[in-house]
There are 2 protein chains.
Amino acid sequence: MDQVPFETPASLLRPVRHGNAFEETIERLLQTIKLGLFAAGDKLPPERELSEQLGVSRATLREALAELQKAGYVEVQRGRYGGTYVALKLPAGRGKGTALDPAEVDDALAFRSVLEPAAASLAARAKLSARERRHLLDTLADVATAPAELYRPKDARFHVAVAELAGSPSLAAAVADVRARINDLLDRIPFLEPNLEHSNRQHQRIVDAILRGDDEEARQAMEDHLLGTASLLHGFLGPGEERSEIPTQPN
Amino acid sequence: MDQVPFETPASLLRPVRHGNAFEETIERLLQTIKLGLFAAGDKLPPERELSEQLGVSRATLREALAELQKAGYVEVQRGRYGGTYVALKLPAGRGKGTALDPAEVDDALAFRSVLEPAAASLAARAKLSARERRHLLDTLADVATAPAELYRPKDARFHVAVAELAGSPSLAAAVADVRARINDLLDRIPFLEPNLEHSNRQHQRIVDAILRGDDEEARQAMEDHLLGTASLLHGFLGPGEERSEIPTQPN
DNA sequence: TTTCAATGGACTATTTTTAGTCCACTGGCT
DNA sequence: AGCCAGTGGACTAAAAATAGTCCATTGAAA
């Protein structure tokens, strides 16, 4: 059987860096855009700021931005009041290139279902400022009124917004990361018209619970909401597990 | 008030790399040792293997190992059947150098209390192999019989072992990371003789629940167990919050 | 109309990191 | 006794990344 020995701990003997700085920077910026943290048309921070925030030299950042520009994700304007702007129309992710890795699907979904319900619960328990409540409602409205073709980034932004209210930056970052992983997985399966109304009702239920301070309901609402993506992705893992139907929730 | 604008998302605009490869490699190896994933006297993987696992060139890994050797964390033997060994007696962390950052304390504790109870719950729900059960019991026994001066690494190893049973590598990695952060925090406060017996009883309760498949009890037991560290660290954040007593649980 | 500050663009020297190669040492095996 | 495979040790050339500096462009403000 040649079992993996417990003596060799995988938990920390993993890559310190994932590729070179250039690739990591591209990846991070792409995630930020695809998660809707910068919406279409938004201006990115100036290069000098952004390079500092990303912990990378300006030269490297510029290489990454040049790639994104070439690929059509951002547009650049020079001069004062210029800057780098997220393209109004994002290029279609070519997706479907590679098959789903079942281990990655299971891991991402499991991790997500640990993080997001907990975040919702913490958000409900937190004392939210008026501004935070407003922001949550804004984000909710934004996703509710989004047209289908850009539902996913708005939806992702809503989920990250919830996580940010939980008060733990690490948790928010982890939620954003795992959501980006799930977006990548979703990009690889055929597009199904999602049931936006159902999803929006679930979002509303989550927000209601958070604003009401009902942490258990918030957790439960988020758990329910995540089931959609879970079975959607599992449904495309092919045979080996029994599937009853193909669900249509978008996230 | 100059509020942080929600328009600038902090969740993903964070450093892509934390220092240079050399520093990150030292950090990772130190964590691995301090978490007890390599116990005192254990042999590390050969440099060629380790450098690949860490995603770093052998030259960089060797620089890091040289530092650890100089600091007394590892010892090196040349020749066949030689290798790099974790020192039998680890140097005392000089600690107490810097004060606790309340935000870091809160973040680490909050994140941890999301991850570990969930991991315990998942482990209880998982179908564990005989080998996994044995490993869990071994690790439990190892921490229970550890002398006080090296209780912390054994304890950390137990917690990571639980997380690894949850079946999500991401979750296990996150647990290991956050535990390392908490270890660093604990290094900065005066040493209090921990109540090892109490801690061991809690460990036993967690293991019992997992082996019994009682996921709710496992979650609850882990939550209770984490309260000790939480109030211990909060107790050292100084005034500003009311503290009733100084708890003594070691983790 | 002119100015000028904020922005992207470009270049250089230096440092870090890598991949590859060969050397040196050691202890079990033949 | 000698071999030799597996280990750490050391060096080189190349590539990647950084810090620093200066240039080019722009549009609002004076």
Side-chain angles (χ1 to χ4, degrees), chain A residues 5 7-8 13-29 32-33 38 41-87, chain B residues 5 7-8 13-29 32-33 38 41-87:
Chain A
E7 296 73 39
T8 300
L13 294 190
R14 57 195 147 99
V16 160
R17 7 201 69 178
H18 308 273
N20 53 32
F22 164 63
E23 290 166 344
E24 279 188 283
T25 304
I26 290 187
E27 187 61 25
R28 182 64 73 71
L29 291 172
T32 314
I33 293 172
F38 286 112
D42 279 3
K43 180 181 163 179
L44 298 187
E47 293 177 352
R48 291 164 176 82
E49 248 177 70
L50 196 49
S51 69
E52 195 170 5
Q53 289 175 319
L54 294 179
V56 107
S57 77
R58 197 177 149 220
T60 302
L61 170 66
R62 279 179 54 75
E63 286 181 64
L65 285 176
E67 283 299 309
L68 292 186
Q69 189 181 11
K70 202 160 54 177
Y73 284 96
V74 301
E75 289 161 8
V76 177
Q77 288 171 12
R78 294 186 65 169
R80 190 174 183 178
Y81 306 99
T84 307
Y85 293 82
V86 177
Chain B
E7 298 73 39
T8 300
L13 294 190
R14 58 195 146 98
V16 161
R17 8 200 67 177
H18 308 273
N20 53 32
F22 165 64
E23 290 166 344
E24 278 188 285
T25 304
I26 289 187
E27 188 59 26
R28 182 64 72 69
L29 290 172
T32 313
I33 292 172
F38 286 111
D42 279 2
K43 180 180 163 180
L44 299 188
E47 292 177 353
R48 292 165 176 81
E49 247 176 71
L50 196 49
S51 69
E52 195 170 5
Q53 289 175 320
L54 294 179
V56 108
S57 76
R58 196 176 152 222
T60 303
L61 170 65
R62 279 178 55 75
E63 285 182 63
L65 285 175
E67 283 300 307
L68 293 185
Q69 189 182 12
K70 202 161 54 178
Y73 284 96
V74 301
E75 289 161 8
V76 177
Q77 289 173 12
R78 294 186 64 168
R80 188 170 185 180
Y81 305 101
T84 307
Y85 294 81
V86 177

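The sequence lines fix the lettering, A, B, ..., with proteins before strands; numbering per chain opens at 1.
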Residue A:S57, side-chain heavy atoms: nucleotide from D:dG9, D:dT18, C:dG27 that is nearest: D:dT18

Contact summary for A:F22 and A:E67, nearest pair of heavy atoms: CZ-CG, 3.5 Å

Length of the line joining A:Y81:OH and C:dT3:C1', which is rounded to integer Å: 12 Å

Closest to the A:R48 side chain, choosing from C:dG8, D:dG8, D:dT18: C:dG8

Atom-pair distance (CG on B:L50; P on D:dG9), nearest Å: 13 Å

Value in whole Å for how far the C1' atom of D:dA17 lies from CD of A:E23: 13 Å

Whole-Å distance separating the CG atom of B:L68 from the P atom of D:dG8: 14 Å

With sequence neighbours excluded, residues passing side-chain hydrogen bond (donor to acceptor under 3.5 Å, both in side chains) with B:R78: none

Pair B:E47 + B:R62: basic N to acidic O under 4.0 Å: yes

Distance-only donor-acceptor test, A:R80 side-chain atoms vs D:dA28 base atoms, 3.5 Å: no

Closest nucleotide among C:dT21, C:dG27, D:dA17 to the B:R58 side chain: C:dT21

Minimum heavy-atom distance between B:Q53 and B:P45, given as atom pair plus value: OE1-CG, 3.9 Å

Contact summary for B:G19 and A:R17, nearest pair of heavy atoms: O-NH2, 3.2 Å

Residues within residues 59-67 of chain B bordering DNA chain D, heavy-atom distance below 4.0 Å: B:R62

A:T84 side-chain N/O to C:dT7 phosphate OP1/OP2 under 4.0 Å: no

Side-chain (B:R28) to main-chain (A:R14) donor-acceptor, under 3.5 angstrom: yes

A:F22 CZ - C:dT17 C1' separation (whole Å): 17 Å

Non-hydrogen atoms of A:A87 and A:G72 that approach each other most closely: CB-O, 3.3 Å

Atom pair distance, as rounded to whole Å: NZ in B:K43 and C1' in C:dG27: 12 Å

Whole-Å distance separating the CG atom of B:L54 from the P atom of C:dT17: 14 Å

A:A21 side chain, from C-beta outward: closest of C:dG8, D:dA17, C:dT17: D:dA17

Interatomic distance, B:E75 CD vs C:dT26 P [rounded to whole Å]: 16 Å

D:dG6 base / B:R78 side chain donor-acceptor hit below 3.5 Å: no

